[in-house]
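All figures in this text were calculated on a predicted structure; none of them were measured in a lab. Chain letters run A, B, ... following the sequence lines, proteins first and then strands; every chain starts at 1. Both backbone and side-chain heavy atoms feed into the values below; hydrogens, waters and symmetry mates do not.
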Amino acid sequence: MEENKKFRTIEDKWIKWWEEHSDLYKAWNNDEDRPAYANAPDGQVKKYVLVEFPYPSGSGLHVGHAFSFTGGDVYARFKRMQGYNVMFPMGFDEFGLPTENYAIKVKRKPQEVTRENTDIFKQQMKKLAFSFDWSREVHTSDPDYYKWTQWIFVQLFKKGLAYKQEMPINWCPSCKIGLANEEVLNGKCERCGAEVSRRNISQWVVKITDYADRLTDGLKNTDFIEKVKTAQINWIGRKDGINIDFEVVGTNQKLTVFTTTPVNFGATFLVVAPEHLFVQQIVEGKFGVNQEQIDEIKKYISEARKKGDMERTELNKIKTGVFSGLYAKNHVTGKEIPIWVTDFVLATVGTGAVQGCPGHDQRDWDFAKKFGIPIVRVVGSIDGNDKDINEEPFIVHLGDKGKMVNSDFLNEMDFTEAMRKTMDYFEEKGWGKRVVSYHLRDWIFSRQHYWGEPIPMIYCAKCAKDQKFKIQNSKFKNKEELESKLKNMGWIPVPEDQLPVVLPEVEAYEPTDDGLSPLSRIDSFVNCTCPVCGGSAKRETDTMPNWAGSDWYFLRYMDPHSATKLVDFDLLKKWGPVDIYIGGDEHNTLHLLYSRFIYLFLYDLGVFPKELPEPYYKRVSHGVILGPDNQRMSKSKGNVIVPETVADMYGVDVVRMYLMFMGPFEGTMAWNEKTLMGVKRFLDRFEKLFKEYFGGISQDAELFASDRNTLMIIINKKIELITKDLEEFGYNTAIAKLMELLNDLEKRKIELIRDDMEVLVKMLAPFAPYTAEELWYWLHYDVNKKSDIVIESVHQQSWPVADPAYLADEKVTVAVAINGKLRDQLVVDRDRSNDEKEMVEMAKGSEKIKTWLAGKQVVKEIFVPGRMVNIVVA
RNA sequence: GCCGAAAUGGCGGAAUUGGUAGACGCGCACGACUCAAAAUCGUGUGGCAGCAAUGUCAUGGGGGUUCGAUUCCCUCUUUCGGCACCA
């Protein structure tokens, strides 16, 4: 133990001193009080710095947390010193599977392990000197918090954005839980890796698709980096296309297909997903397809159903299918084209049916080849130099260049233009209708698990009957409205004054493989009275997904204790939007999208100020820290670095500073103990300079008045650069410059005066708060007054501002190049370096340059003021 | 396959409205201190040639624009991340 402590000197001493003497320390580490310097006085410009809150796992704070939190902390401290009114809050994302699974593993209640883990996290965070404002702490599993998570759901229901639907869901047989599409990776469960199967369960679904366009357009109001915006846009995946109705020959039936590229002169077949209603009807014998054919279709359907998602995607190159026995009429060619059933068409995309244009789509081409369906070219390349369409398809996407052929009135037309024309034509003829389709699906909001927010809904059978009667006697604008009313029949939201619906504490909460939520076994929870008719009713027993609580936590930080509002309007105006949101790449798509959706929805309700259309202004994604072996850290690989352990060994400041120094904040970097030692050396040298300063090196500024100017230039330039780096999260370069400054000042240590030392400490403070505080104390401690004085913290000081008078050098180096290659350098006064004539002349006069010019013809002279002269010779 | 990011010394990485490539740190070598080691301090450190001055090559490969390209354009290769039979 002692051995491990050998590197710690300053911190132990300082923490001890601080504990004993400083009110500030007590304030900083006491939950009851707001940190003494957490917020600047009102009236200052606000800065809301947010880091993604962790779910409190059993293994404590890991390096990834330490990394992103330090990044946020450095920024928050920097901004505070600059005089901003900074809000830098922290909370815990407690509901969800990881915690539940952990609790099951250790055979204890999730409530208990959550509380314990949270305490550990908090203690570790304090140790690492993260200056969170603990007065704003939130916990998603706290009823006072999830009351509002439930309230949001009730609003969604009231606005018709939540509906109950029986739908096939991804079912993980190992976790015994329904998964959202987003939680399925390559057909496997995101958490446990087991193969996902399908199940039909009645679930709450949230209509996020209604907001698809708003979610896309709203990105304009943000300063997210391109990568994040693109990820969101791709996920939403807006596609403008057309639904075309095909007449099924010999029936009254129409089959509707969706396409973005109606190359209909080349459509030689139609394909339908096996799950399609049309296929169901064929099998039921509606269209008079002969029994033999029906049997084959049945066989195909059952085979397709047996395949897991995994298999269906893995074998994605091999096309399978079965002829339906029916034909459709191609509007433009008049030909009868066969309708096939195949599982490469997804029931959930578009209309679940597609027209096959084998000449210009790889899948259609593969399919046509395999089943001997004709392939027709309708688009050719501009130069007309095309291969046989039976040898390879000519794949085109909207926007591509191409020329229409074999297409009657479209011939010779540009491909993209022709597609637009075709849509017009089809609409005119009444054959189709333009529609928008999205990659984004509605959000399955039900989880059949215990550890989550209960969905605050009640089912009343009696009310359902009444509603049915009403619905049957009402008129609706459209079919959809009627359908959604029917779906939600009998479902009544828990009245707002009865929220929250508290999650009961129980002994047995393990999920079961009957697919029902564990809550359904608790009679006292399930049975209730109907808020409308007062009769006996039953509660919804599903809980919400783990996203639900984390979608809006940043709003609660602004008003964490309000019992009457989710967040106060004025406080929202004061703090919103989040200025900087630091988080992992893995949350750039889903968390950000869901969170923005909830915000936009509440915005539309009028809960939020008009001038705040988006919740997050800027997103910064932090990088990933790999183990020393360059692999992702994992217990099984044994390469896990525990920040707290390293901090015990080398000191908190060393860990913080090393994390920020190891590479760019957004990058992927491997842990390297050697580099960490370099940072430690830096902090030691920093301290040593102060010791020498106090240890009798001359402090008489008058003596060195002549050198003062040079020193000021050195210092002020660094202030300028370091400030700029911090502004842009360029922490690694900011620290590099701090190191440069120290190197420079070490050489000039006899010239240093107290002001210089103060500047130095202030710039160190955001990175190494303990060391900086100690050195600041050295600078201000008055021996005569002993230790009972309370010194203002370095963290309350104002950030140094560069004096422009010192930012420009008196002498500059002008590079001289011949044909762009550096050959000489001239050191001249700054003023003269801008004089083209003089500089060119001086360059030509240089001995070195003369030898390069000898016997050559000067063709051109290029002059960049203050920087370089380039002489072009032939 | 599609979308996105990237490729710079022995290593992590600097530098881009196009203007002295390799900051800072690690490692390494030599030296000082020491009986010795560690720690610390000093000096050097992209490759090649040279005692040196200096020259020359060099930012994944190839091509282009330019007086000048790590930076811009085209193309290829590789790596990482995300999505994927999305019509």
Need the pair for [N]. Rule: Watson-Crick or G-U wobble, both distances under 3.5 Å, any strand; none if unpaired.
N	answer
rC80(B)	rG4(B)
rA58(B)	none
rC11(B)	rG25(B)
rU65(B)	none

Between [options], which one does the side chain of [X] approach most closely?
X	options	result
Arg681(A)	rA87(B), rG27(B), rA14(B)	rG27(B)
Lys688(A)	rC41(B), rC67(B), rC24(B)	rC41(B)
Met739(A)	rC3(B), rG25(B), rA87(B)	rG25(B)
Ala736(A)	rG4(B), rA23(B), rG25(B)	rA23(B)
Ala815(A)	rU20(B), rG13(B), rC67(B)	rU20(B)
Thr813(A)	rU20(B), rA15(B), rC24(B)	rU20(B)
Arg441(A)	rA87(B), rC86(B), rC85(B)	rC86(B)
Arg685(A)	rG25(B), rC86(B), rC85(B)	rG25(B)
Thr733(A)	rC67(B), rA15(B), rU20(B)	rA15(B)
His439(A)	rC67(B), rG4(B), rC86(B)	rC86(B)

For this session: Assign each of Ile735(A) and Ile871(A) to its nearest nucleotide of RNA chain B by heavy atoms, then name whichever residue's nucleotide is nearer the 5' end.
Result: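 With Ile735(A) and Ile871(A) compared, the 5'-side residue is Ile735(A).
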
Exercise. Nearest nucleotide by nearest heavy atom, which residue falls closer to the 5' end of RNA chain B, Lys239(A) or Val814(A)?
Worked result: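 Looking at RNA chain B, the more 5' nearest nucleotide goes with Val814(A).
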
Exercise. Does CD belonging to Glu586(A) count more than 12 external heavy atoms closer than 6.0 Å?
Worked result: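 Yes, the 6.0 Å shell around CD holds more than 12 heavy atoms from other groups.
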
To the nearest Å, give me how far apart [atom1] ([X]) and [atom2] ([N]) are.
X	N	atom1	atom2	answer
Glu740(A)	rA15(B)	CD	C1'	12 Å
Leu592(A)	rG82(B)	CG	P	17 Å
Ile236(A)	rC83(B)	CD1	P	15 Å
Ile849(A)	rC67(B)	CD1	P	20 Å
Ile818(A)	rU54(B)	CD1	P	16 Å
Glu586(A)	rC80(B)	CD	C1'	15 Å
Leu689(A)	rU40(B)	CG	C1'	16 Å
Glu666(A)	rG81(B)	CD	C1'	13 Å

Looking for any heavy atom pair under 4.0 Å, which part of the strands does [X] touch: base, sugar-phosphate only, or nothing?
X	answer
Asn870(A)	base
Trp852(A)	sugar-phosphate
Val354(A)	base
Lys848(A)	sugar-phosphate
Met868(A)	base
Asn743(A)	sugar-phosphate
Arg823(A)	sugar-phosphate

Exercise. So, is rG9(B) syn or anti if syn means the angle is within 90° of 0?
Worked result: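 Here rG9(B) takes the syn form, which means its glycosidic angle is within 90° of 0.
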
For this session: Check whether the side chains of Asn243(A) and Thr256(A) place a donor and an acceptor atom closer than 3.5 Å, and report yes or no.
Result: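 No, because no side-chain N or O of Asn243(A) sits under 3.5 Å from a partner of the opposite role on Thr256(A).
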
Exercise. Taking atom types as modelled, is there a side-chain donor on Asp213(A) or Tyr438(A) under 3.5 Å from an acceptor on the other?
Worked result: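 Per modelled atom types, Asp213(A) and Tyr438(A) side chains form a pair under 3.5 Å.
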
Look at the side-chain N and O atoms of [X] and state whether any lies under 4.0 Å from the OP1 or OP2 oxygen of [N].
X	N	value
Arg632(A)	rG81(B)	no
Asn732(A)	rA14(B)	yes
Lys821(A)	rC57(B)	yes
Lys227(A)	rA5(B)	no

Exercise. P atom, rC72(B) versus rA14(B): distance in rounded Å?
Worked result: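 That atom pair is separated by 16 Å.
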
For this session: Could you measure between the two P atoms, the one in rC73(B) and the one in rG19(B), and give it in whole Å?
Result: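 Here rC73(B) and rG19(B) have their P atoms 15 Å from each other.
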
Exercise. Under a 4.5 Å cut-off applied to non-hydrogen side-chain atoms, are Met657(A) and Leu738(A) in contact?
Worked result: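 Yes. Closest side-chain heavy atoms under 4.5 Å.
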
Exercise. Is there side-chain contact between Met842(A) and Val816(A), with at least one heavy-atom pair below 4.5 Å?
Worked result: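 A side-chain contact under 4.5 Å is absent here.
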
Problem set entry | Output field: ring centroids Trp365(A)/Phe394(A) closer than 6.0 Å |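 That pair fails the under 6.0 Å test.
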
Problem set entry | Centroid separation Phe682(A) to Phe661(A) less than 6.0 Å |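 For Phe682(A) and Phe661(A), the ring centres are not under 6.0 Å apart.
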
Problem set entry | Basic-acidic side-chain contact under 4.0 Å: Lys254(A), Asp245(A) |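 Asp245(A) and Lys254(A): not salt-bridged.
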
Exercise. Side chain of Lys674(A), base of rC11(B): donor and acceptor closer than 3.5 Å?
Worked result: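 No, no donor-acceptor pair under 3.5 Å.
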
